[in-house]
Amino acid sequence: MSNRIRVLDEVTINKIAAGEVIENPASVVKELVENSLDAGATEIHVEIVGGGRQLIRIADNGCGMSQDDALLCLERYATSKIRQLDDLEALATMGFRGEALPSIASISKMTLLTAVDDALEGTLVIIEGGRVLKCYGAARSKGTTIEVKSLFFNVPVRKKFQKSPAHDSHAVQKVMTLLALAYPEVRLELVSDQKLLLKAPAAVGLSLEGLSQRIHKVQGDEFHSHLVPLQISAEGYQLMGYIGLPTMHRPNRLNQYLFVNRRGITSHLVSAAIREGYGTSLPAQRYPVFVLHMQLAGDLLDVNVHPQKREVRLRQEQQLRELLQRAVGDALQRGQTSPVESSPHVMSASLLIQQPLPWDLPNAPQAIPKKAPEASPLETLFKPRKPSPCVLTTLPGYLILDPASCEGLGAGDQGLWLVDQRAAHQRILHDRLNAALPPKAIESFGLLIPETIQLTPLEMTTLQDVLPDLEKLGIQVEPFGPQTLSIQSIPAEFDRADFPRILVELAQELQEGHGAGKLLVERRMRIVAKMSQTAVLRRVQMSLSEAQQLVSQLFQCDSPYHCPLGKPILTCLKAETLAKHFQR
Ligand code: ADP
Ligand code: MG
């Protein structure tokens, strides 16, 4: 009988390693660009085709490799970045395990063209599935070009679970955005299917000025003009960068960029400390934006907490937390005293539901009716009307119903019914928009003077993917320059002043679940729910008549008890609970 145990061959080992590090084209781009940065490149050009699965080409002007090194770098544990274990602690470069290149080479068809000197001949190596097919002299200026074709061609499992090219391209764009913010002094370009997605000329360096230039290029005018600088240097930490004005808050942490020793990371601690620094100037459950670079002595940092090195643990947490909180507070105060541009996207303070007849709005002369409202269907006449309870009084954010009118609500005996005004408003908006989904036409009005909004490139690509869905909701927006959308028409339910803001929010939300393979309709529903939610962020006290109108509209909805996201709209403080509370 033959032996059953065998040592795996090198190519197989590399393929296994690839499975751990190389998830998608974006991880290839990340590894290769980091190599270019480690090689001292000042210009890096990235091109992808078909989201990167067809082709990834990375060209740099770094130090290049000799012919020997060009062959050696394809071997496992071959690295120029570490010679012994002691080096690990002090390591300033990105990767150090010497496994990226052999891993990528083992699951693709790769060519490597590299030269150490403009005057000397370079080297071309052709590899397929980890095996070197050819190696010969070839011309190239100093630097390295790596082409990765047919990624995962020999990994059937990965091929099967592949995402759409749009999704892959988006992920690459994210990686490049992160790297661009980490290295302002390096010129970076990203081209996807011949479309230029990122063009960041070299900024002056990693300074407030350099970072500001880079943020402007990468994130656009709108983002850039709502930032205040922050710089501290104390207690072993150096922190430098920009934080957003309190008016620029977001529904998630996607626009929180933190770099520790140039490495893009997430840190719960830093995120929370910065949020605390804003105090009450930000609404609850909203997140500030920031782009911050932190330099830490190696002994204040645990890098290897996360295999992909995205999460780091910081030592001396408490000091850092206090330091950050104070610095943010100070920076915001300074930001307020110096004149800053006011946001064109400030939400309107009104929570009133606008009557969807634009020609009734005296302050909206720019609005022209696009479609006349449809006559309400006959059957609604025959539908028994639900009696709507009466409002007793209002509080900021809440309404209290008159107990005498609440008998139909089904809480048994008497009690005190409270309505969450925002959730109620969401339900109403949601139902209105949904009722207008096809086959019925939505009622929208065109803007005589289209409104434009500035977006970050990532927000822009996300929204561009859903333009047809938006159109079905009565929202017509068109690209108007690389980072600008022009809003042509909006649903009558929404306030014009709120709308740019709503779109930015939507882009943010969709980015989180981008390309999750959702059905189109499902995605549209999500957009509707989201738009309803963001339209009613503020909690102000309503007048009694506004409140009554809201409650009447609410009780015309099919499910007046829960908002579109499943949160309760109504709650009842039962008499017995009250009695218990007062120890009766
Ligand atoms: P690591 O980055 O961990 O050392 P890699 O497999 O990513 O491992 O790269 C192996 C080696 O190949 C690097 O240490 C470096 O010497 C060399 N190398 C890779 N990419 C480049 C590049 N773009 N320019 C110059 N040298 C490179
Ligand atoms: Mg590397």
Side-chain angles (χ1 to χ4, degrees), residues 10-11 13-23 25-47 56-85 87-108 110-118 120-127 130 132 135 138 140-148 151 175-176 178-179 182-183 186-190 261-264 303-304 307-310:
E10 172 104 8
V11 170
I13 294 171
N14 287 333
K15 266 174 90 173
I16 294 170
E20 285 160 15
V21 231
I22 310 300
E23 282 173 35
S27 31
V28 174
V29 170
K30 178 171 183 287
E31 291 291 341
L32 296 185
V33 173
E34 284 180 354
N35 277 349
S36 298
L37 290 164
D38 285 345
T42 56
E43 291 180 14
I44 303 171
H45 183 88
V46 180
E47 187 177 348
I56 298 170
R57 184 189 296 121
I58 310 226
D60 70 46
N61 65 349
C63 64
M65 287 176 265
S66 67
Q67 185 165 116
D68 285 349
D69 280 352
L71 286 168
L72 201 62
C73 76
L74 298 164
E75 309 232 349
R76 206 165 157 71
Y77 305 126
T79 174
S80 56
K81 297 165 199 171
I82 174 176
R83 305 227 174 260
Q84 60 209 30
L85 214 56
D87 292 353
L88 272 174
E89 277 277 311
L91 204 73
T93 54
M94 292 284 176
F96 50 79
R97 289 167 305 178
E99 54 182 20
L101 278 181
S103 299
I104 297 165
S106 72
I107 51 170
S108 68
M110 185 194 266
T111 59
L112 170 67
L113 175 62
T114 184
V116 289
D117 194 306
D118 287 342
L120 298 174
E121 197 187 40
T123 305
L124 178 71
V125 189
I126 300 176
I127 313 110
V132 175
C135 172
R140 199 207 186 278
S141 53
K142 183 180 163 207
T144 304
T145 305
I146 294 183
E147 259 185 26
V148 177
L151 186 66
V175 162
M176 289 297 288
L178 209 67
L179 288 164
Y183 290 83
V186 177
R187 180 192 153 101
L188 286 169
E189 272 176 20
L190 170 66
N261 301 347
R262 301 267 195 152
R263 193 173 270 154
V303 189
N304 283 321
Q308 240 72 36
K309 287 173 254 141
R310 275 285 289 160

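Note that ligands are numbered from 1 as they come in the structure, with each ligand's atoms numbered from 1 the same way. All values reported here derive from a predicted model rather than from experimental measurement.
- Checked against Ser36 for a side-chain contact (heavy atoms from CB on, under 4.5 Å), the options Leu188, Ile146, Val186, Asp60 give a single hit: Asp60.
- With a heavy-atom cut-off of 4.0 Å, Asp60 touches ligand 1 through its side chain alone.
- With a 4.0 Å cut-off on non-hydrogen atoms, Leu101 touches ligand 1 through its backbone as well as its side chain.
- Between Ser141 and Asn61 there is no side-chain heavy-atom pair separated by less than 4.5 Å.
- For ligand 1, the polar-atom distance check against Asp38 finds no nitrogen or oxygen pair separated by under 3.5 Å.
- Residue contacts with ligand 1 for Ala100 involve both N, CA, C or O and side-chain atoms from C-beta outward (heavy atoms, distance under 4.0 Å).
- For the atom pair Glu43 CD and Glu189 CD, the distance stands at 8.5 Å (nearest 0.5 Å).
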- Message: For a side-chain contact (heavy atoms from CB on, under 4.5 Å) check, start with the C-alpha distance between Cys73 and Leu112, then their side-chain angles and the critical distance, and finish with the verdict.
- Response: CA-CA 10 Å; Cys73 76; Leu112 170 67; 4.1 Å; yes
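- The shortest N/O to N/O separation between Cys63 and ligand 1 does not fall below 3.5 Å.
- Atoms of ligand 1 lying under 4.0 Å from any heavy atom of Pro102, numbered from 1 in the order shown and given with element: 6 (O).
- In terms of polar-atom proximity, Glu31 is not counted as a contact of ligand 1, lacking any N or O under 3.5 Å from an N or O of the ligand.
- When all heavy atoms are compared, the tightest approach of Ala105 to Leu74 is CB-CD2, 4.2 Å.
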- Message: Working note: Val125 + Gln67, criterion side-chain contact (heavy atoms from CB on, under 4.5 Å); need CA distance, chi angles, decisive distance, verdict.
- Response: CA-CA 9 Å; Val125 189; Gln67 185 165 116; over 6 Å; no
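- Less than 4.0 angstrom separates some heavy atom of Glu99 from each of these atoms of ligand 1: 6 (O), 8 (O).
- For the pair Ala41 and ligand 1, no heavy-atom separation below 4.0 Å is found.
- Side chains of Arg262 and Leu37 form no contact here, defined as non-hydrogen atoms less than 4.5 Å apart.
- Contact analysis puts Met65 in contact with ligand 1, with a non-hydrogen atom separation below 4.0 angstrom.
- Considering every non-hydrogen atom in both Gly64 and Thr144, the closest pair reads CA-OG1, 3.5 Å.
- Near Cys73, meaning under 4.0 Å from any of its heavy atoms, are these atoms of ligand 1: 11 (C), 12 (O).
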